[in-house]
A.B. asks: 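First the structure, then my questions, so here it is.
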Amino acid sequence: MWQIICLCLPAVTMSERQRFFALFSNVLRANGREPGTMDLGLFFLHMLSPEEALTVLEERLDLVVRSQNLMEQPVELASAQDVIQAAINDHIQTLLEAEHAWLKRTIARLQNTNLNRYQEQTEPLLPLADMKNYSQTNG
Amino acid sequence: MTCTHTEQAEYSLVTLWQETGQAHFLHALTTQEILTALEKRRDLAEHLLAQINREAVHSQHADEASLIMLDHSQTLLSAELTWLDRTIRTLSARVHEK
(Lines give C-alpha, C1' and ligand atoms only; values in the text may rest on other atoms or scores of the structure.)
Protein backbone atom coordinates (compact mmCIF):
# COMPACT_ATOMS: atom_id res chain seq x y z
CA MET A 1 0.00 0.00 0.00
CA TRP A 2 2.66 2.49 1.02
CA GLN A 3 4.73 2.04 -2.16
CA ILE A 4 1.66 2.46 -4.37
CA ILE A 5 0.58 5.66 -2.67
CA CYS A 6 3.85 7.15 -1.51
CA LEU A 7 6.43 6.29 -4.17
CA CYS A 8 4.56 7.75 -7.12
CA LEU A 9 4.82 11.33 -5.91
CA PRO A 10 5.69 14.03 -8.45
CA ALA A 11 8.45 15.18 -6.07
CA VAL A 12 10.23 11.81 -6.34
CA THR A 13 12.19 11.57 -9.59
CA MET A 14 12.52 8.31 -11.51
CA SER A 15 16.20 7.97 -10.54
CA GLU A 16 15.37 8.56 -6.84
CA ARG A 17 12.64 5.93 -7.08
CA GLN A 18 15.02 3.44 -8.73
CA ARG A 19 17.68 4.18 -6.09
CA PHE A 20 15.17 3.59 -3.31
CA PHE A 21 13.97 0.29 -4.83
CA ALA A 22 17.60 -0.83 -5.34
CA LEU A 23 18.33 -0.21 -1.63
CA PHE A 24 15.10 -1.94 -0.62
CA SER A 25 15.96 -4.95 -2.85
CA ASN A 26 19.40 -5.20 -1.22
CA VAL A 27 17.81 -5.31 2.23
CA LEU A 28 15.35 -8.00 1.12
CA ARG A 29 18.08 -10.13 -0.49
CA ALA A 30 20.24 -9.78 2.64
CA ASN A 31 17.31 -11.30 4.53
CA GLY A 32 16.87 -14.17 2.06
CA ARG A 33 13.78 -12.75 0.31
CA GLU A 34 13.22 -11.84 -3.30
CA PRO A 35 11.99 -8.33 -4.03
CA GLY A 36 8.63 -8.13 -5.73
CA THR A 37 5.72 -5.90 -4.99
CA MET A 38 6.27 -6.63 -1.30
CA ASP A 39 5.05 -4.06 1.19
CA LEU A 40 7.83 -2.26 3.07
CA GLY A 41 6.13 -2.65 6.42
CA LEU A 42 5.53 -6.40 6.03
CA PHE A 43 8.71 -7.87 4.54
CA PHE A 44 9.92 -9.04 7.96
CA LEU A 45 6.73 -11.06 8.61
CA HIS A 46 8.40 -14.42 7.85
CA MET A 47 10.92 -13.81 10.66
CA LEU A 48 8.22 -13.57 13.31
CA SER A 49 6.45 -16.32 15.22
CA PRO A 50 2.66 -16.55 14.53
CA GLU A 51 2.03 -14.85 17.91
CA GLU A 52 4.39 -11.95 17.09
CA ALA A 53 2.96 -11.61 13.58
CA LEU A 54 -0.51 -11.47 15.11
CA THR A 55 0.52 -8.59 17.40
CA VAL A 56 2.08 -6.64 14.49
CA LEU A 57 -0.98 -7.14 12.28
CA GLU A 58 -3.40 -6.16 15.05
CA GLU A 59 -1.42 -2.92 15.58
CA ARG A 60 -1.49 -2.30 11.83
CA LEU A 61 -5.26 -2.92 11.75
CA ASP A 62 -5.67 -0.33 14.51
CA LEU A 63 -3.73 2.21 12.39
CA VAL A 64 -5.81 1.40 9.32
CA VAL A 65 -9.11 1.79 11.22
CA ARG A 66 -7.95 5.14 12.66
CA SER A 67 -6.86 6.27 9.19
CA GLN A 68 -10.24 5.24 7.76
CA ASN A 69 -11.99 7.32 10.42
CA LEU A 70 -9.81 10.32 9.51
CA MET A 71 -10.53 9.94 5.80
CA GLU A 72 -14.29 9.66 6.22
CA GLN A 73 -15.05 13.39 5.89
CA PRO A 74 -17.34 13.99 2.87
CA VAL A 75 -16.18 16.18 -0.03
CA GLU A 76 -18.67 18.39 -1.91
CA LEU A 77 -17.98 18.45 -5.63
CA ALA A 78 -18.16 21.97 -7.06
CA SER A 79 -15.20 22.38 -9.41
CA ALA A 80 -12.88 20.19 -11.51
CA GLN A 81 -10.27 20.47 -8.74
CA ASP A 82 -12.81 19.03 -6.28
CA VAL A 83 -13.37 16.05 -8.57
CA ILE A 84 -9.62 15.40 -8.53
CA GLN A 85 -9.53 15.81 -4.75
CA ALA A 86 -12.44 13.34 -4.47
CA ALA A 87 -10.54 10.87 -6.70
CA ILE A 88 -7.47 11.19 -4.46
CA ASN A 89 -9.52 10.61 -1.31
CA ASP A 90 -11.25 7.68 -3.03
CA HIS A 91 -7.81 6.25 -3.90
CA ILE A 92 -6.63 6.32 -0.29
CA GLN A 93 -9.96 5.03 1.04
CA THR A 94 -10.09 2.18 -1.52
CA LEU A 95 -6.59 1.01 -0.56
CA LEU A 96 -7.37 1.33 3.15
CA GLU A 97 -10.52 -0.78 2.69
CA ALA A 98 -8.51 -3.45 0.84
CA GLU A 99 -5.83 -3.36 3.54
CA HIS A 100 -8.53 -3.64 6.24
CA ALA A 101 -10.10 -6.70 4.53
CA TRP A 102 -6.69 -8.37 4.13
CA LEU A 103 -5.74 -7.69 7.77
CA LYS A 104 -9.02 -9.15 9.08
CA ARG A 105 -8.60 -12.24 6.89
CA THR A 106 -4.92 -12.71 7.84
CA ILE A 107 -5.51 -12.17 11.57
CA ALA A 108 -8.29 -14.82 11.47
CA ARG A 109 -5.93 -17.15 9.57
CA LEU A 110 -3.11 -16.72 12.11
CA GLN A 111 -5.50 -17.10 15.06
CA ASN A 112 -6.66 -20.35 13.50
CA THR A 113 -3.05 -21.51 13.02
CA ASN A 114 -2.27 -20.68 16.66
CA LEU A 115 -5.41 -22.50 17.84
CA ASN A 116 -4.52 -25.61 15.82
CA ARG A 117 -0.98 -25.56 17.23
CA TYR A 118 -2.30 -25.20 20.76
CA GLN A 119 -4.76 -28.08 20.22
CA GLU A 120 -2.01 -30.30 18.81
CA GLN A 121 0.22 -29.56 21.81
CA THR A 122 -2.52 -30.20 24.39
CA GLU A 123 -4.29 -33.08 22.60
CA PRO A 124 -5.35 -35.75 25.14
CA LEU A 125 -3.90 -39.23 24.77
CA LEU A 126 -7.39 -40.70 24.48
CA PRO A 127 -10.35 -39.15 22.63
CA LEU A 128 -13.01 -37.71 24.98
CA ALA A 129 -15.58 -40.52 24.40
CA ASP A 130 -12.94 -43.19 25.18
CA MET A 131 -11.92 -41.32 28.34
CA LYS A 132 -15.56 -41.35 29.58
CA ASN A 133 -15.83 -45.10 28.89
CA TYR A 134 -12.50 -45.63 30.63
CA SER A 135 -13.55 -43.73 33.75
CA GLN A 136 -16.96 -45.52 33.89
CA THR A 137 -15.29 -48.92 33.55
CA ASN A 138 -12.54 -48.18 36.02
CA GLY A 139 -14.64 -46.43 38.54
CA MET B 1 2.19 9.87 29.34
CA THR B 2 0.02 7.34 27.44
CA CYS B 3 -2.35 10.16 26.52
CA THR B 4 0.52 12.24 25.04
CA HIS B 5 1.76 9.21 23.12
CA THR B 6 -1.73 8.61 21.68
CA GLU B 7 -2.07 12.29 20.75
CA GLN B 8 1.33 12.22 19.02
CA ALA B 9 0.39 9.07 17.10
CA GLU B 10 -2.92 10.65 16.08
CA TYR B 11 -1.15 13.84 14.95
CA SER B 12 1.39 11.80 12.92
CA LEU B 13 -1.44 9.91 11.27
CA VAL B 14 -3.33 13.10 10.36
CA THR B 15 -0.10 14.61 8.95
CA LEU B 16 0.69 11.44 6.99
CA TRP B 17 -2.68 11.38 5.22
CA GLN B 18 -2.73 15.14 4.63
CA GLU B 19 0.74 15.01 3.07
CA THR B 20 -0.15 11.90 1.06
CA GLY B 21 -3.25 13.65 -0.30
CA GLN B 22 -1.39 16.90 -1.04
CA ALA B 23 1.54 15.15 -2.74
CA HIS B 24 -0.61 12.72 -4.75
CA PHE B 25 0.50 12.47 -8.38
CA LEU B 26 -2.93 13.58 -9.69
CA HIS B 27 -2.42 17.12 -8.30
CA ALA B 28 0.35 17.94 -10.76
CA LEU B 29 -1.59 17.10 -13.96
CA THR B 30 -4.38 18.43 -16.19
CA THR B 31 -7.52 16.28 -16.67
CA GLN B 32 -6.29 14.96 -20.04
CA GLU B 33 -2.84 14.19 -18.61
CA ILE B 34 -4.51 12.46 -15.66
CA LEU B 35 -6.46 10.17 -18.01
CA THR B 36 -3.27 9.24 -19.89
CA ALA B 37 -1.38 8.64 -16.62
CA LEU B 38 -4.21 6.53 -15.17
CA GLU B 39 -4.49 4.38 -18.30
CA LYS B 40 -0.72 3.72 -18.22
CA ARG B 41 -0.97 2.92 -14.54
CA ARG B 42 -3.86 0.52 -15.24
CA ASP B 43 -1.75 -1.36 -17.81
CA LEU B 44 1.06 -1.66 -15.26
CA ALA B 45 -1.30 -2.80 -12.47
CA GLU B 46 -2.93 -5.38 -14.78
CA HIS B 47 0.47 -6.70 -15.82
CA LEU B 48 1.63 -6.96 -12.18
CA LEU B 49 -1.59 -8.66 -11.06
CA ALA B 50 -1.35 -11.23 -13.87
CA GLN B 51 2.27 -11.90 -12.82
CA ILE B 52 1.27 -12.32 -9.16
CA ASN B 53 -1.66 -14.58 -10.08
CA ARG B 54 0.73 -16.82 -12.05
CA GLU B 55 3.08 -16.83 -9.06
CA ALA B 56 0.16 -17.84 -6.79
CA VAL B 57 -0.59 -20.92 -8.94
CA HIS B 58 3.01 -22.14 -8.48
CA SER B 59 3.13 -21.31 -4.74
CA GLN B 60 0.59 -23.80 -3.39
CA HIS B 61 3.18 -25.35 -1.08
CA ALA B 62 5.04 -22.18 -0.10
CA ASP B 63 5.47 -21.22 3.57
CA GLU B 64 2.58 -19.40 5.26
CA ALA B 65 4.30 -15.98 5.34
CA SER B 66 4.86 -16.10 1.56
CA LEU B 67 1.21 -17.01 0.94
CA ILE B 68 0.10 -14.16 3.22
CA MET B 69 2.33 -11.68 1.32
CA LEU B 70 1.04 -12.95 -2.01
CA ASP B 71 -2.55 -12.49 -0.82
CA HIS B 72 -1.62 -8.94 0.30
CA SER B 73 -0.25 -8.01 -3.13
CA GLN B 74 -3.26 -9.53 -4.92
CA THR B 75 -5.73 -7.72 -2.63
CA LEU B 76 -4.04 -4.33 -2.94
CA LEU B 77 -3.51 -4.55 -6.70
CA SER B 78 -7.14 -5.61 -7.27
CA ALA B 79 -8.25 -2.59 -5.21
CA GLU B 80 -5.90 -0.33 -7.20
CA LEU B 81 -7.40 -1.63 -10.47
CA THR B 82 -10.95 -1.06 -9.18
CA TRP B 83 -10.07 2.54 -8.28
CA LEU B 84 -8.34 3.12 -11.63
CA ASP B 85 -11.36 1.85 -13.61
CA ARG B 86 -13.78 3.94 -11.51
CA THR B 87 -11.66 7.11 -11.78
CA ILE B 88 -11.05 6.73 -15.53
CA ARG B 89 -14.84 6.30 -16.04
CA THR B 90 -15.67 9.38 -13.90
CA LEU B 91 -13.05 11.65 -15.50
CA SER B 92 -13.84 10.46 -19.07
CA ALA B 93 -17.53 11.24 -18.48
CA ARG B 94 -16.58 14.73 -17.27
CA VAL B 95 -14.37 15.37 -20.29
CA HIS B 96 -17.22 14.31 -22.63
CA GLU B 97 -19.72 16.54 -20.76
CA LYS B 98 -17.64 19.65 -21.59
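Chain letters run A, B, ... following the sequence lines, proteins first, then strands; residues in each count from 1.
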A.B. asks: Select, from B:Ile34, B:Ile68, B:Leu84, the one with the greatest count of heavy-atom pairs under 4.5 Å involving chain A.
C.D. replies: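 Most pairs with chain A among the choices: B:Ile68.
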A.B. asks: Can you name the residues that form a side chain to side chain contact (heavy atoms under 4.5 Å, CB included) with B:Glu46, not counting sequence neighbours?
C.D. replies: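 For B:Glu46 the side chain to side chain contact (heavy atoms under 4.5 Å, CB included) partners, ignoring immediate neighbours, are B:Arg42, B:Asp43, B:Leu81.
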A.B. asks: Do A:Ile107 and B:Leu67 share a hydrophobic cluster (ILVMFWY, side-chain heavy atoms under 4.5 Å, transitive)?
C.D. replies: no
A.B. asks: So, taking the atom named CG in B:Leu49 and the one named CG in B:Leu44, what distance separates them when rounded to the nearest 0.5 Å?
C.D. replies: 11.0 Å
A.B. asks: Heavy-atom cut-off 4.5 Å, strictly under: side chain, backbone, both or neither for A:Leu48 against chain B?
C.D. replies: neither
A.B. asks: Going by atom types alone, do A:Gln85 and A:Asn89 pair a side-chain donor with an acceptor below 3.5 Å?
C.D. replies: yes
A.B. asks: Considering only heavy atoms, which portion of B:Thr87 lies under 4.5 Å from any heavy atom of chain A: side chain, backbone, both, or neither?
C.D. replies: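 Contact with chain A involves the side chain of B:Thr87 alone.
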A.B. asks: Is there a side-chain contact (heavy atoms from CB on, under 4.5 Å) between A:Ser49 and A:Glu52 once you walk through the steps?
C.D. replies: CA-CA 5 Å; A:Ser49 70; A:Glu52 288 169 333; 3.4 Å; yes
A.B. asks: Taking side chain as everything from C-beta outward and backbone as N, CA, C, O, which of these in B:Leu91 sits under 4.5 Å from a heavy atom of chain A? Side chain, backbone, both or neither.
C.D. replies: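 For B:Leu91, the side chain is the part near chain A, not the backbone.
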A.B. asks: What part of A:Thr94 is in contact with chain B, defined as an atom under 4.5 angstrom from a non-hydrogen atom: side chain, backbone, both or neither?
C.D. replies: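 Both backbone and side chain.
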